[in-house]
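Notes follow once the structure below has been shown.
Model, not experiment: these values are computed from the prediction. Each chain gets a letter, A, B and so on, in the order the sequences are listed, and its residues count up from 1.
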Number of protein chains: 6
Amino acid sequence: MKTKVQNISTFIGCHTNYEKSNLVLFGIPFDGTTSFRPGTRFAMQAIRSDSYGLESYSPYLDMDLEEQNIFDGGDLELALGNTEKVLQTIENFTVELLDDQKKFLMVGGEHLVSLPTIKATFEKYPNLHVIHIDAHTDLREDYLGEKLSHASVMRRCHEFLGDDRIFQFGIRSGLKEEFEWAKKHTHLEKFTLKTLPEVVAQLSNMPVYITIDLDVLDPGVFPGTGTPEPGGITYRELLQAIGTLQSLKHIVAADIVELSPQYDPSGASTAAACKTIREMLLILSK
Amino acid sequence: MKTKVQNISTFIGCHTNYEKSNLVLFGIPFDGTTSFRPGTRFAMQAIRSDSYGLESYSPYLDMDLEEQNIFDGGDLELALGNTEKVLQTIENFTVELLDDQKKFLMVGGEHLVSLPTIKATFEKYPNLHVIHIDAHTDLREDYLGEKLSHASVMRRCHEFLGDDRIFQFGIRSGLKEEFEWAKKHTHLEKFTLKTLPEVVAQLSNMPVYITIDLDVLDPGVFPGTGTPEPGGITYRELLQAIGTLQSLKHIVAADIVELSPQYDPSGASTAAACKTIREMLLILSK
Amino acid sequence: MKTKVQNISTFIGCHTNYEKSNLVLFGIPFDGTTSFRPGTRFAMQAIRSDSYGLESYSPYLDMDLEEQNIFDGGDLELALGNTEKVLQTIENFTVELLDDQKKFLMVGGEHLVSLPTIKATFEKYPNLHVIHIDAHTDLREDYLGEKLSHASVMRRCHEFLGDDRIFQFGIRSGLKEEFEWAKKHTHLEKFTLKTLPEVVAQLSNMPVYITIDLDVLDPGVFPGTGTPEPGGITYRELLQAIGTLQSLKHIVAADIVELSPQYDPSGASTAAACKTIREMLLILSK
Amino acid sequence: MKTKVQNISTFIGCHTNYEKSNLVLFGIPFDGTTSFRPGTRFAMQAIRSDSYGLESYSPYLDMDLEEQNIFDGGDLELALGNTEKVLQTIENFTVELLDDQKKFLMVGGEHLVSLPTIKATFEKYPNLHVIHIDAHTDLREDYLGEKLSHASVMRRCHEFLGDDRIFQFGIRSGLKEEFEWAKKHTHLEKFTLKTLPEVVAQLSNMPVYITIDLDVLDPGVFPGTGTPEPGGITYRELLQAIGTLQSLKHIVAADIVELSPQYDPSGASTAAACKTIREMLLILSK
Amino acid sequence: MKTKVQNISTFIGCHTNYEKSNLVLFGIPFDGTTSFRPGTRFAMQAIRSDSYGLESYSPYLDMDLEEQNIFDGGDLELALGNTEKVLQTIENFTVELLDDQKKFLMVGGEHLVSLPTIKATFEKYPNLHVIHIDAHTDLREDYLGEKLSHASVMRRCHEFLGDDRIFQFGIRSGLKEEFEWAKKHTHLEKFTLKTLPEVVAQLSNMPVYITIDLDVLDPGVFPGTGTPEPGGITYRELLQAIGTLQSLKHIVAADIVELSPQYDPSGASTAAACKTIREMLLILSK
Amino acid sequence: MKTKVQNISTFIGCHTNYEKSNLVLFGIPFDGTTSFRPGTRFAMQAIRSDSYGLESYSPYLDMDLEEQNIFDGGDLELALGNTEKVLQTIENFTVELLDDQKKFLMVGGEHLVSLPTIKATFEKYPNLHVIHIDAHTDLREDYLGEKLSHASVMRRCHEFLGDDRIFQFGIRSGLKEEFEWAKKHTHLEKFTLKTLPEVVAQLSNMPVYITIDLDVLDPGVFPGTGTPEPGGITYRELLQAIGTLQSLKHIVAADIVELSPQYDPSGASTAAACKTIREMLLILSK
């Protein structure tokens, strides 16, 4: 019989096998330190399924996913309840990818999962710079005594990256001390992305990791997240920013985090995640 | 007894009877070719009910539905599962309306239902031009082998309208070949409505049919649709466009399609549809 | 690298490949004639995903899916809007399965999809008997003039099966004429399943096809369906019925239809479908 | 043109006009004293629409709504915020119906709306007895000082009906003093409906008003209500009770209250209300 | 034992006791005249709980709630069904607050609850001016004969405030006569807030009461309200307006009304309310 | 001013202060090891709020919460992501309660939180017996390598309790090896609670801890849980079981776990939890 096995599910347009691919998409269904409303563990499953409501062709970039060599590596299987072990598993996996000379786009999960992927990337590219687009500073020293928290992820990254390596945009929420701390240790633009072009110009030849917390979007367009923060950017502004990021010559990896699809049953938030993934996969494929 | 029968339900302000009306509102609860997420069949019922959360007076146009002569003709009753038969029924109904010298505003249903209403209108007005406001090109040759699909409706219309009759605005999704095809056969503006004023000026004396796929709106303001596509226009931009359309001297008919109310239980999407219907009814009444 | 591809999704415990399997599970995501509330197209995707909230072991039957040889063949890809073509595609697929000497469990989709699978099975087993567990008679001559409707599926099956081959249980809704018609042509038990043991005894050596419309369950336990009909059976009664069905020596195929998962976001209805599938797969494996 | 006006909406099978009808169905969309969760104002609109998911034929009673003479009188239009005025409007309307020799089935709204309909019925039938099926005693002297409350409706009815006229079944919630008070003034059966047959036998020649608060049903089968109270009766038990009520020779009116459809988006609760209305309309038509 | 009682719930950062506070936050869970969709009674409970998803620090104003002296006084307990009594209770409570020299921020509830708080404030400050930010005129003479309605609240306030005291912004819905009436009696800006800076300049030394109906926001960002009206302002525009209001030297009280949290289960609307409350509490604290 | 602080929220009828109470109610908002669908962290907040839809009087037990001395101690504040630390915190808290000679009813949270409360209770009462009512065995040796999992809680308890101390009822899901293991180490009744009376008789003079996983209920009546398992007990059967438990002379503590309120927005599941808490508080108060 010639029955096709239909039940392999990938993100639209990502069917290249691992060996032939130069870019790997994978998911990390982890929300174990989310204090307020969990659910980012469900993101990647919703994203794969709903990606078929999207086209693989981008009229913004005039590129098509079908013409790239992208492997969808599925999701990491993770034991819950033991955060350190989880982060180690992610880091090991990322090291393997980088050893195999793959670029990657990781999809969270909560923002803490960027810590091991940024760390592994930094180990390969010691001159790594991080562009961080988010509503929140994520610069807390700890959260209720826990150092490994999605509210602290950039602070933890700073511990190995050091000063002047983290560039934060769109930030509209945090403790007063986080904003104060940022003045000395990071580039932090409040509320908007206006300084992005000049930062991109400055980093154009550097190895760059891009981490996008989708809650930078206004909850009007992206309500499907754990901590909606009104007053965010529009989706057109995000598209424009991605257009700007194209000028970077050496994007080595990226991630997109904090979709909680169940808080937006309309699917609009998942659609926003899907479209952002498509655009980011395309600029990573250049 | 003087009991009033209360259970007649019309769109707010549309109580003129058929004979005295010069404008007819009607619904087509059909979503039979919707590939991704069905539900536009429920649009008109939700719209009639929620229209009472709106006022009949428009402060934008300084006009009131109560002062126009509009008949709400209810919904067509359609057999499901047999698309050709459905389209024929719609076309026959539309021919009758036009024979009776009525203008009309049809409310979908999925976008395929515009095919028979545009066709019937074209038969009466061979010089018909179509203004098409949408997120999607709708120019596919076919969808999984089916020529009658909501992804192909404008391509099917082109078969009888011919070149230079279709004007597309706000388009931000489609296959690469659809965008290529459009370059030769239609006016297609990507992403925005900026060229609308000049097109309106050009068509000001022509018979014009306006078809609005509400998914042109950003999913932030209009999540209640089958295929949300981020990066759309704001509701204010749509209001402005409708203001621009007022300059057309000969709008003969219009439609508003693709609300799926169940994907937005907040009612905001249905409210957007209601308000658009009110504004379009008012400019059709001029 | 030793990356596992995680994104193959099957029903829990169904990983045998096609060649080694003797039982095939597959889905038909079709709801094209559903008159009232569509959505059964989403059933199989929800079922595969939520099956992992279940165990593969049944304490009722003391059997484990992991110890059977079951292939999950994915879902048929179907063109929408053309019902006849869809049914032909399903029939062709089913014939192939039967030619390869496989038993099967089909998961709908609306009930009309049982027509081609029962027809194909009947062609192989001319002495086929059908056990039909449902809230509705499904014996309409037509629905709004359409003969191919989920309200007519058993009437269409009768056209080739003939009298005394259809055994209906749990029926609590239909036209008066359907109940009258059934008196002459089928075994129909209203409201309950009390006569199932005697029918099973009578059919114990016959080739039997079992079609379960899950709306036979009370909407309290199974609200996720297009036309909830209060007063149905409890889930324990369904489990007991499946226990009774074990005595049949020659079940050749079965189906489970009419889950619309989106009407029950709690997941309880999908869980009921999953558990029913597990139990039916196990008795088909005997 | 022969356009049919389709947008008259009635409950299924209730198209007789007022003059020819002997039974009137009408709705009271009032929830103004609901303390916990409002929403019964939306019941009748949902019921009319969803009644088309039901058949007009009852296999339980072997009767068909289409063969009765029932008028659907729509909903009363009521000013909110002034409870006394609302109740007076309802009472006046009910008096008119009774003066015209109509039986009626009223659909709430919250339970307080039974006060004016029972009062008007009592004025015509001074020997009136009331069968009250409910989860709650509804016998409070007042609620936060307000005497007109849905928690007090039966206590208010007792003020004109007097002792030994109210028969309460299925009651499983109330203040201790309400249960104590009931011992002296009403027949109150806790938890179940076991004494219904004997009460029906006793009242078989009396004029009887039946008031059914649907929250008597277990929240499993009827979650769509303001104050779900676990441990209620099954839908089959309610059907059996309605079967028992058939023996009453002189049912003069009835009501069905407390559906809040928005708390059960699956539609199962609305379906339960629709089916109960169908059965009650049929026994009122005898 | 040193068990802390944790189940006191206040808005984030509002733990000062009554005596030491100079600003009081309180809620009025009343929606008794809401004609279309009730639910504002649930606003304050959702707001208190979800405020912990927000930070107490505002990067817009560079101020922190924790450093102010704010008392969260809970919610008024109100009898439903008797609107006059409710309004009197609110007025009495407000008079007490003002007698104790407290400023206050009241959170509704429907807009009618602003009537008694504005009235009490006017009695203390006869030169009171009201800034009214809203989608709706709220200037109806009555609604279905009822003078006490949320659609009439500003008209009722005008009865004691008189001409040239009410300044309305963002208005995009109303009867034609309301807009006409406003031309003579209030300052009314349609659609936008452009004239706010000049009005603020004009009122900078006056006692001012600010009433914000959150439905002034576009339903895209604030779907959680009874009557969503498309075409509203963005959240950034509201933030800018609050920034402008800082220049007022004598804001004596304010309110924020018309959140119905259950219409937006994503929590985005509640988050918008929370953030607006934080910003308003901070400018009231100056 | 005499403003009452209204924003203390307790479970209905539980206002006694700690010192005077002999029974303490408290919540543990922890779901950190929940593998499938999290959300039990939201249970206690929903329960406190919705308990006011219930009466404090039980007509089943003829007892009133208002007449008992119960303290609602709020919820433990827990750091997420570090399970061992969380369990230690819970154990320490429980030891304090027991040292103060309090009985307690703990409300989860996922089932793993019963481990530290049972352990602390066992340390005070070495002869402790545990009655475990649940859909799942909870006897896994580990889950994906983690020993601290809600699927392993009873296995972990067995490590200190030993054989013949755990009595399991209603179990209908687990691995085959769990059922096998139980045959040697616990009393396990599959599917029903029929042996509960004899076990109660046997334990009547023993110190007993009762742990109720609410998913023992059929998902029809209790869909609000992470892993709905069809075929469960009815709410009436649970009420009957609680009635049976009354005969135990020495219930020292109890817990009720696994409500995830967000999966059942109707509130029916939360109502089931509230009523179960009321009944359990009353029998603990005897």
Side-chain angles (χ1 to χ4, degrees), chain A residues 34-39 135-140 143-144 150-151 168 170-180 182-183 188-192 215 217-237 259-270 272, chain E residues 12-13 46-47 49-67 214 216-225 228 230-243 256 259 261 263-279 282:
Chain A
T34 304
S35 48
F36 193 51
R37 303 193 308 177
H136 304 91
T137 49
D138 288 357
L139 294 171
R140 286 186 179 226
Y143 187 78
L144 293 179
H150 68 147
Q168 305 181 282
I171 311 299
R172 59 191 188 277
S173 178
L175 303 179
K176 184 165 189 170
E177 48 265 43
E178 292 179 90
F179 285 97
E180 294 300 320
K183 282 178 188 165
L188 186 155
E189 180 184 346
K190 281 195 292 192
F191 312 142
T192 54
D215 69 18
L217 290 162
D218 193 74
V221 72
F222 191 75
T225 195
T227 46
E229 182 72 35
I233 67 172
T234 67
Y235 199 79
R236 286 174 175 176
E237 288 173 317
L259 169 67
S260 269
Q262 79 282 20
Y263 294 116
D264 181 8
S266 79
S269 301
T270 303
Chain E
I12 191 171
I47 283 167
S49 165
D50 284 8
S51 69
Y52 292 85
L54 198 75
E55 302 286 356
S56 59
Y57 170 72
S58 165
Y60 304 92
L61 301 170
D62 193 21
M63 294 173 72
D64 198 316
L65 287 177
E66 298 283 356
E67 294 166 4
L214 288 166
V216 72
L217 289 162
D218 194 74
V221 71
F222 191 74
T225 194
I233 66 172
T234 66
Y235 199 79
R236 285 175 176 177
E237 288 173 318
L238 181 60
L239 282 171
Q240 195 176 21
I242 293 171
I256 290 171
L259 169 67
Y263 294 116
D264 180 9
S266 78
S269 301
T270 303
C274 288
K275 191 160 178 169
T276 310
I277 290 168
R278 183 187 73 193
E279 299 294 300
L282 289 172

Hey, does the side chain of [X] reach the backbone of [Y] with a donor-acceptor pair shorter than 3.5 angstrom?
{"X": "Arg278(E)", "Y": "Asp64(E)", "result": "no"}
{"X": "Asp218(A)", "Y": "Gly231(A)", "result": "yes"}
{"X": "Ser58(E)", "Y": "Glu279(E)", "result": "no"}
{"X": "Gln168(A)", "Y": "Thr137(A)", "result": "yes"}

Set out, in order, the CA-CA distance, both residues' side-chain angles and the distance that settles side chain to side chain contact (heavy atoms under 4.5 Å, CB included) for Ile233(A) and Arg236(E), then state yes or no.
CA-CA 9 Å; Ile233(A) 67 172; Arg236(E) 285 175 176 177; 3.3 Å; yes
Quick one: which of Gly224(A), Gly220(A), Ser260(A) has the most heavy-atom pairs under 4.5 Å with chain E, could you say?
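Option with the top pair count is Gly220(A).
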Among Ser173(A), Pro230(A), Pro228(A), Gly174(A), which residue has the highest count of heavy-atom pairs closer than 4.5 Å to chain E?
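The answer is Pro230(A).
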Measure distances from Tyr60(E) to the heavy atoms of chain A and classify the residue's part below 4.5 Å as side chain, backbone, both or neither.
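Both parts, heavy atoms under 4.5 Å.
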For Glu177(A), which residues count as a side chain to side chain donor-acceptor pair (under 3.5 Å) partner, sequence neighbours excluded?
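By the side chain to side chain donor-acceptor pair (under 3.5 Å) rule, Glu177(A) matches no residue at all.
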Can you tell which part of Phe191(A) gets under 4.5 Å to a heavy atom of chain E, answering side chain, backbone, both or neither?
both
Is any residue of residues 261-268 of chain A within less than 4.5 Å of chain E by heavy atoms, and which ones?
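Heavy-atom contacts from residues 261-268 of chain A to chain E are Tyr263(A).
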How would you list all residue pairs meeting salt bridge (Lys or Arg N to Asp or Glu O under 4.0 Å) that involve residues 49-62 of chain E, not counting sequence neighbours?
Arg140(A)-Glu55(E), Lys176(A)-Asp62(E)
Residues two or more places apart in sequence or in another chain: which of them pass ring pair (Phe, Tyr, Trp, His ring centres under 6.0 Å) with Tyr143(A)?
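Tyr143(A) satisfies ring pair (Phe, Tyr, Trp, His ring centres under 6.0 Å) with no other residue.
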